Structures are given as structure tokens and as C-alpha cells.
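Below is one structure, written out as C-alpha cells, with a few remarks after it.
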Amino acid sequence: MKTRYSLGNWKMNHFKKDVLHFIDNFKPQSHCHVQIGIAPQLQHAHYFQNREIWLGAQNCSQYDSGAYTGEASACSLAAEGFHFCLIGHSERRQYFQETNEICLEKIKATQRAGLYSVYCIGESLEQYQAGQTQEILKEQIKSGLDGELDFTKLLIAYEPIWAIGTGKVPSLETIEQTLKFIQNCTEQDFQQQVPTLYGGSVSSQNIQSLSEIACLNGVLVGGASLKAEEFSSICSAL
Ligand code: PGA
């Protein structure tokens with residue numbers, strides 16, 4: 001069976017006590033084909049070191065070292081035992097002006113460090129309503145990736161911006177079609193197959209039906225990954 005990924009993006013949430021409570025109560029039924037990961041705030045990363053789950057960062061610098069106050073380099077993350085880094089999450093694009101070109105530089109930095117990159121792409125509500133989803137995704141793939149990357153260290157997360165934190169989820173047919181579209185794009189542009197995740201209001205309520213989508217290689221979970229019981233159910237359902 002192909003590996004499926006269940007990755008939690010904790011964003012800027014949780015204090016120490018919440019992290020410890022999570023760790024005590026997170027008990028997914030283990031399936032060997034499911035790779036679980038959590039991207040906490042960096043100051044909480046040490047609670048996840050040397051555990052079976054993958055440790056992720058929510059962002060990294062495109063530079064390897066130097067005078068870049070406030071940044072964290074991919075190679076220093078790798079040296080601390082991180083496994084993956086989210087790149088180009090829509091909140092980074094929206095609030096921190098990350099472009100597809102910057103995302104490509106960051107993906108290259110994670111690859112120099114030997115980390116997996118989880119490249120996040122997705123359309124806004126206006127673009128969705130205007131029927132521009134495929135055009136937007138195609139551009140994000142074309143400009144955010146290039147043929148020299150190591151595609152064995154890359155995952156793509158399709159996250160419609162209008163589905164993030166809203167409780168709204170596209171229909172299963174739409175998700176399936178869109179994931180296939182993304183997979184076709186990477187095959188056409190780079191002759192590579194890339195595992196493709198869905199993200200946006202994933203919960204214990206909808207994971208069962210989402211997991212029936214054959215071409216779904218996993219999920220990227222925000223709010224629902226903060227609660228141990230909820231995230232355990234999601235990981236177990238995959
Ligand atoms: P959500 O967030 O699951 O809370 O919608 C997903 C994400 O932002 O990665």
C-alpha cells in the first residue's frame with residue numbers, strides 16, 4: 001500500500017501545557033502505511049524530537065546562514081532532527097508576501113538540507129468562483145517548482161484558501177478532479193509523480209469520506225490537529 005501522510009500544521013497556537021497535554025493524549029491506531037507529522041511552533045519542536053512522528057517546520061529561510069534576523073535556516077532545522085518543512089502556505093503568501101519564486105528558493109533550501117518540502121498551493125474564493133482554479137494551480141506548479149528538484153523529497157498540498165479554517169470543503173468529486181489535475185501537471189511539466197495531499201477544514205467528521213478518494217495521498221490538517229483525540233481519529237481513519 002502507498003504511504004499516506006497525515007500532517008498537522010499547528011500555526012501559531014498552543015503553549016507548553018497544551019503541547020504536553022497533546023503528547024499525553026495522542027494515541028492514533030498505528031497503520032504502517034500512514035506517516036504522521038506535526039509542525040508546531042519552533043520553540044516547541046524539542047517535545048517532538050526522537051518520536052515516531054515526523055517533526056515539521058511551518059516555514060524556513062531561503063538562505064543557508066547569515067545576517068537574516070528572525071529567520072531559521074533549513075539546514076539548521078535538519079540538524080535538529082526536523083523531517084519536513086511547509087512551503088508557501090497561503091498565510092505565508094498572504095501576510096508575508098511569499099511569491100511562487102520565493103517558494104522555489106525555499107524548496108531548494110530544504111532540499112539542500114535533505115528535508116522533505118510540502119509545497120502548498122490553492123486558489124482564493126474569487127478565483128474559485130471565476131473558474132480559475134486550474135490556471136492558478138498550474139502557475140503555482142510551473143513557477144514554484146523546477147526540473148532540477150529532487151522529486152522524491154517533495155509533497156504537494158492542495159489547500160483551497162476558502163476552505164482553510166472555514167468548515168467549507170469542496171465536494172469529493174472536485175477534490176478528486178483537482179488532485180488528478182495537479183498530478184497530471186507534475187507529470188507533464190517534470191515527468192514526475194508527486195504525492196498530493198488535501199488540506200482545508202479536514203476533521204474527524206469528513207476524514208472517512210475524504211480517505212475514500214483513491215488518488216489522495218494524505219491530508220494537511222490545521223485546527224483539527226491541535227486536539228489529540230481529533231487528530232488521532234484523523235490519522236487512524238487514513
Ligand atoms: P484548517 O487549516 O484545517 O484549520 O482548515 C489547514 C491549513 O491551513 O493547513
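Order of appearance sets the numbers: ligands from 1, and atoms from 1 within every ligand. All heavy atoms count here, side chains included; hydrogens, waters and symmetry mates do not. Keep in mind the model is a prediction, meaning the values are calculated, not measured.
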Output side-chain donor-acceptor pairs under 3.5 Å for residues 128-141, partner residues at least two apart or in another chain, one line each.
{"from": "Glu139", "atom 1": "OE2", "to": "Ser143", "atom 2": "OG", "distance (Å)": "2.4"}
{"from": "Gln140", "atom 1": "OE1", "to": "Gly122", "atom 2": "N", "distance (Å)": "3.0"}
{"from": "Gln140", "atom 1": "NE2", "to": "Gly122", "atom 2": "O", "distance (Å)": "3.4"}

Exercise. How would you list, by chain and number, the residues with a heavy atom under 4.0 angstrom from ligand 1?
Worked result: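 Under the 4.0 Å cut-off, ligand 1 touches Asn9, Lys11, His89, Glu159, Ala163, Ile164, Gly165, Gly200, Ser201, Leu220, Val221, Gly222, Gly223.
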Problem set entry | Ring centres under 6.0 angstrom apart (Phe231, Trp10) |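 Phe231 vs Trp10: aromatic centres not under 6.0 Å.
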Under 3.5 Å, side-chain donor or acceptor atoms of residues 206-214 against the rest of the protein: list the pairs with distances, not counting sequence neighbours.
{"from": "Asn206", "atom 1": "OD1", "to": "Ser203", "atom 2": "N", "distance (Å)": "2.8"}
{"from": "Asn206", "atom 1": "ND2", "to": "Ser201", "atom 2": "O", "distance (Å)": "2.9"}
{"from": "Ser209", "atom 1": "OG", "to": "Asn206", "atom 2": "O", "distance (Å)": "3.2"}
{"from": "Ser211", "atom 1": "OG", "to": "Ile207", "atom 2": "O", "distance (Å)": "3.3"}
{"from": "Ser211", "atom 1": "OG", "to": "Gln208", "atom 2": "O", "distance (Å)": "2.8"}

Exercise. How would you list all residue pairs meeting side chain to side chain donor-acceptor pair (under 3.5 Å) that involve residues 69-84, not counting sequence neighbours?
Worked result: Ser73-Ser76
Problem set entry | Interatomic distance, Thr174 atom OG1 to Glu176 atom CD [nearest 0.5 angstrom] | 10.0 Å
Exercise. Under 4.0 Å between a Lys/Arg side-chain N and an Asp/Glu carboxylate O for Asp189 and Lys142?
Worked result: no
